[in-house]
Amino acid sequence: MESTLKKKYGLLTAIAMVVGIVIGSGVFFKAEAVLKATGGNMPMGIAAWLIVGFIMIVCSYTFATMATKYEKVNGIVDYAEMTVGRRYGYYVGWFMATIYNPTLTSVLAWVSARFTCVLLGWDITGGPCMTITCFYLVGSYALNALSPVLAGKFQVTTTVIKLIPLLLMAVAGTLIGLSNGMTVQNFTQAAESGSSTGGGLFASVVAVAFAYEGWIIATSINSELKDSKKNLPRALIWGSLIVVAVYVCYYIGLAGVVPTETLMKNGQAGAELAFRKIFGPVGGSLIFVFVIISCLGTLNGLMLGCTRGMYSLAVRGSGPMPKVFSQVDPVTNMPGNSSILGLLLCGVWLLYFFGAVLQAKPWFGPFCFDTSELPIITLYAGYIPIFLLLLLKEKELNVFNRFVMPTFAILGCVFMMIAACIAHGMSVVYYLIIFGVIMCIGIPFDPYSKKLR
């Protein structure tokens, strides 16, 4: 079997990956959470979207600078290796393969099923929802494992489709809200019944982080992207700008249709309620189908990263059984063994998510945390050494790329870490214990530590 992935994706696919992975469920899934965290304060909610959007743009720009210099197998692991060192790159890759990618992918499978159940009027935590969750998870795996080119086309298609409901809400909601005064009312009055919880702005920032996350996974197709040193930076920058603009416009449009009090009370049905109010029962349901397709597009992009997680370690001779996980199918040009393990890890984290988050009585006692948020903050912490070493080492870069942007990126990452601690409290400690255990499991498979002995 082969051990090299072919260059099969173009710039459009790369931009679609950035936009498609980021825009999907979070803007619908977390809008109500943001309002609850801010006590219905719409301006504070928009501030949260802008803050995290700025951090995303700064970080993606800094990684885009590195993308013009380094091209190997998996962007984030490559950058960690080249700046901090091979051992650090290994542990970043281990974290991405075992925690980050599968946690987000499993949550996205459930979110996709959740919106499907909302449309059908079913319970969002019962047997039907979890069955649909597993179907979406396996279906996404099959699409990526059997036909990566088709998966890329699906990513582009769903990216276009998912922009339809967001742009319609942004335009129609804003026009309606300005004409009937709803926008002004929501922006000038916080919901009296909703008190700010979890640190207000900080809690909303952490919630918004989920809606913006996933863009770094686009770097996982670094070695499969045509002219990647030019196209990957373009995709990261343009994709990030598109995402921020769409999110803020959608959020403003939403404020023009439904009172914040209603959105806060209706939870997962808030987005559907807003669409039905504008486009009627039939039109609203049709638009909501687009929302589900949007979620599936994000799931597809995240699964793409999952299937390559262990492969990115194996081709470097690290991780468990490198010869097994570095194999690439000669027909599909996919790392089949890595894909299988990626799906298994998604199943493990889905089981944890069900027991820790969806159950009225959590299964794991204090060791329960939101897998849609805390792993993201860990990754921001992992960025800091990369940005710091870029600032110290890359002497040939100009002042803006070497000092200004990495400094802003570091400050943004520190802000995200502080926000997570304020919003989640002791859950952060219990999460870090689980994180530490999983990272320790990777120690026996670290070839660089053996060389140091």
Side-chain angles (χ1 to χ4, degrees), residues 20-21 23-36 102-143 154 158 161-162 164-166 168-169 207 210-211 214 250 254 257-258 262-303 343 346-347 349-363 368 370-373:
I21 293 176
I23 295 179
S25 63
V27 67
F28 309 110
F29 179 39
K30 294 294 185 178
E32 294 83 11
V34 171
L35 287 173
K36 289 179 180 179
T103 55
L104 289 190
T105 305
S106 59
V107 170
L108 253 297
W110 172 74
V111 171
S112 301
R114 162 183 169 160
F115 280 112
T116 302
C117 290
V118 169
L119 181 64
L120 298 174
W122 297 349
D123 179 55
I124 64 170
T125 59
C129 183
M130 298 313 297
T131 302
I132 295 173
T133 299
C134 294
F135 170 75
Y136 283 158
L137 197 63
V138 175
S140 178
Y141 160 78
L143 179 63
F154 179 75
T158 55
I161 292 175
K162 70 178 57 183
I164 294 175
L166 291 169
L168 283 176
M169 179 58 70
F210 174 81
Y250 168 80
L254 201 64
V257 182
V258 182
T262 303
L263 282 173
M264 292 166 65
K265 291 177 182 178
N266 281 274
Q268 73 279 354
E272 183 188 25
L273 179 66
F275 283 116
R276 285 180 180 274
K277 194 166 184 179
I278 293 180
F279 304 105
V282 177
S285 296
L286 180 61
I287 294 295
F288 210 67
V289 170
F290 287 175
V291 173
I292 296 171
I293 295 174
S294 169
C295 295
L296 293 175
T298 301
L299 174 62
N300 177 71
L302 290 173
M303 181 59 74
L343 178 64
C346 287
W349 281 110
L350 178 61
L351 179 64
Y352 175 86
F353 179 75
F354 180 77
V357 180
L358 299 183
Q359 292 298 294
K361 186 178 180 181
W363 293 355
C368 294
D370 189 343
T371 54
S372 71
E373 295 181 2

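Source: prediction; values computed, not measured.
A distance-only check finds a donor-acceptor pair linking the side chain of Thr116 to the backbone of Ser112 [under 3.5 Å]. Put simply, the side chain of Ser106 gets close to the backbone of Thr103: a donor and an acceptor are under 3.5 Å apart.
Here the straight-line distance linking atom CZ of Phe115 with atom CG of Leu119 works out to 11.0 Å at 0.5 Å rounding. Here the CG atom belonging to Leu299 is positioned 13.0 Å from the CD1 atom belonging to Ile292, to the nearest 0.5 angstrom. The distance from the CD1 atom of Ile132 to the CH2 atom of Trp110 is 13.0 Å, given to the nearest 0.5 Å. Note that SG of Cys295 is 9.5 Å distant from CZ of Arg114, once rounded to the nearest 0.5 Å. Atom SG in Cys368 sits 11.5 Å away from atom CZ in Phe353 (nearest 0.5 Å). Put simply, CG on Leu108 and CG on Leu302 are 5.0 Å apart, with the number rounded to the nearest 0.5 Å.
Smallest separation of non-hydrogen atoms from Pro362 and Ala360: CD-O, 3.5 Å. Looking at every heavy atom in both residues, Tyr136 comes nearest to Ala109 through CD1-O, 4.0 Å. Met169 and Ile278 make their closest contact through SD-CD1, 3.7 Å (heavy atoms, listed as atom of the first residue, atom of the second, distance).
Proximity of Thr133 to Leu137: side-chain heavy atoms (C-beta onward) are nowhere separated by under 4.5 Å. A heavy-atom distance below 4.5 Å is found between the side chains of Met130 and Leu358. Residues Thr105 and Tyr141 form no side-chain contact, since every pair of their non-hydrogen atoms from C-beta on lies 4.5 Å or further apart.
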